[in-house]
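Single-structure report; data block below.
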Number of protein chains: 2
Amino acid sequence: MLQGYDKYAHEPFAVTVDLAVLTLREGALHVLLVERGQEPYRGHWALPGGFLHPDESAETAARRELAEETGLADVSGLHLEQLRTYSEPGRDPRMRVVSVAFAALLPDAPEPHGGGDAAEARWVPYDKAGPLAFDHDRILADAHERVGAKFEYTCLATAFCPPEFTLGELQQVYETVWGTALDRPNFRRKVLATPGFVEAVPGAARLTGGRGKPAAVYRAGTATALHPPLLRPSREGRPA
Amino acid sequence: MLQGYDKYAHEPFAVTVDLAVLTLREGALHVLLVERGQEPYRGHWALPGGFLHPDESAETAARRELAEETGLADVSGLHLEQLRTYSEPGRDPRMRVVSVAFAALLPDAPEPHGGGDAAEARWVPYDKAGPLAFDHDRILADAHERVGAKFEYTCLATAFCPPEFTLGELQQVYETVWGTALDRPNFRRKVLATPGFVEAVPGAARLTGGRGKPAAVYRAGTATALHPPLLRPSREGRPA
DNA sequence: CTCTTTATAGTCGTAGTGACTATTAGTCGA
DNA sequence: TCGACTAATAGTCACTACGACTATAAAGAG
């Protein structure tokens, strides 16, 4: 309780934010990693992040770090989601660090120019994001799970898409994040039946790789929730 | 990023946990509140909580505080869920406090004997949990929303029930948390059709208030997820 | 052309569910 | 002891959503 100020010696903690910045490149989920130039975990890869400044909230700090690490001028429209806070005593060998973790979703993936203090920053395929420093493997896995779960009942998937996209591209986003194939006509029916999920760009059509019939072009709609949800073909429901 | 140790003057923060301890009493959602005996917000009600000790995680601290505030001997089996972390610079007028918020669900509600430093602790109906200290109104609302959402796709509702309960009681839990009435036969069908949600206690039956046909008694099952989900009759799906 | 590729349209059967009605098993009050 | 009342449980019916399909349209490649 908060009346304990004078009673407890409230130990000071260092507070950081850690970011799982996700994007899709060439049909595969990628995550932004930085190479550590100092001990501990020197030479290991880690999630970008940094200390909370005295005058900012965790969300503000996360957005600032996101801008620094990606080099993007405008990160105001990007989806940033607080995951949870990691506070196990031993998670940083040097000192007591409590870290607020965020997931960020980017549509396109400009190569990061290590603007921050990172020795090197790079997009790494999610599957090859080997053992990371600290508990960042856990944070990254939690981010993936959260994003996958939110795809079921929100319109979050469009955050991975450029401003204009085809339904095939949107389906690829789902398939890549969930790691499962989806039936194309059924996916299409579901998306179009959900009001506000996507809206057609009149008259626009685009070829999806040079071949086949050009696909209609859509924009993200105004809806944020998905009712009823678009459930992933999960472990459940199978003949156990 | 975490290599910034020597560069940034990483300001120390006080880290606390705040608990939204929820229970059902007489068919209404109640929350455990403590009366503040010190400035600021002296005399106001607040969520229980306290500072993180140097050697414990936020989860450990939350469980410790929960035991202290409720006076319960065994809080190991209780559902404790990290909500999110609140870190706005001005949320505590005295100092920079970052708070990790949790929601806790209790089946029965023993009157708390203010074991901690709380001047007074009391169960307060959710609706009458007037303006709270700090940003605790927001935390409490977030807890309610999170629990309501989790009811849709998990078996969490049994956390509000005693070890043995009737389907009518379980339905009341849903109705109270969601604030909507549910059709009894349909609710029953749905719960029984979900394997592992509840399991029958053989031969047991109980009257639900002295009247009517005695109801069969159930225990919480082993399942944790609900597939397909039990969606609340929401704002969506209505003729807009 | 025709073959391949991709988008789009539509069909069919079934699980899930909302809105009901009917029946059963108790208590309470006259 | 006999209804009236109450609550639990059983069952019906129609409609929606969805998985698994087949069919057609529109492009490029050869």
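Every chain is numbered from 1 and lettered A, B, ... according to where its sequence line falls, protein lines coming before strand lines.
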### Query
Hey, do the aromatic rings of B:His144 and B:Tyr126 have their centres closer than 6.0 Å?
yes
Rounded interatomic separation in angstrom, taking [atom1] from [X] and [atom2] from [N]:
| X | N | atom1 | atom2 | value |
| --- | --- | --- | --- | --- |
| B:Gln171 | C:dG18 | CD | C1' | 14 Å |
| B:Arg188 | D:dA7 | CZ | C1' | 11 Å |
| A:Leu192 | C:dA7 | CG | C1' | 12 Å |
| B:Gln172 | D:dA8 | CD | C1' | 14 Å |
| A:Asn186 | C:dG13 | CG | P | 16 Å |
| B:Glu152 | C:dT17 | CD | C1' | 15 Å |
| B:Leu182 | C:dC20 | CG | C1' | 16 Å |
| A:Phe165 | C:dA7 | CZ | P | 14 Å |

## Note on the structure
Out of C:dT6, D:dG19, D:dA7, minimum distance to the side chain of B:Lys213 belongs to D:dA7
### Task
From the options C:dA19, C:dG26, C:dT8, select the nucleotide whose nearest atom is closest to the side chain of B:Pro214.
C:dG26
### Task
Could you walk me through whether A:Tyr218 and A:Phe165 pass the ring-ring contact (aromatic ring centres under 6.0 Å, His included) test, one step at a time?
CA-CA 5 Å; A:Tyr218 294 85; A:Phe165 53 87; 7.2 Å; no
### Query
5'-most contact on DNA chain C: B:Leu230 or A:Arg206, nearest heavy atom basis?
A:Arg206
### Message
Here's a test of your reading of the structure: between A:Asp183 and A:Arg211, which maps to the more 5' nucleotide of DNA chain C?
### Response
A:Arg211
### Task
Please check the phosphate of C:dT6 (OP1 and OP2 only) for any side-chain N or O of A:Arg184 closer than 4.0 Å.
no
### Query
B:Lys190 side chain N/O closer than 4.0 Å to the phosphate oxygens (OP1, OP2) of C:dT17?
yes
### Query
Could a donor-acceptor pair under 3.5 angstrom be found where the side chain of B:Arg189 meets the base of D:dG11?
no
### Six-ring centre of A:Phe187, A:Arg189 cation under 6.0 angstrom, axis tolerance 45°
no
### Query
For B:Tyr218 and B:Gly212, take the nucleotide of DNA chain D holding the closest heavy atom to each; which residue's nucleotide lies nearer the 5' end?
B:Gly212
### Task
Please report the C-alpha distance between B:Asp142 and B:Tyr86 in whole Å, then the side-chain angles of each, then the deciding distance to 0.1 Å, and finally whether the side chain to side chain donor-acceptor pair (under 3.5 Å) criterion is met.
CA-CA 11 Å; B:Asp142 287 351; B:Tyr86 299 80; 2.5 Å; yes
### Query
Are side-chain heavy atoms of A:Leu33 and A:Val21 found at a separation under 4.5 Å?
no
### Message
Heavy atoms only, 4.0 Å cut-off, all strands: where does A:Ala216 land among base, sugar-phosphate and nothing?
### Response
sugar-phosphate
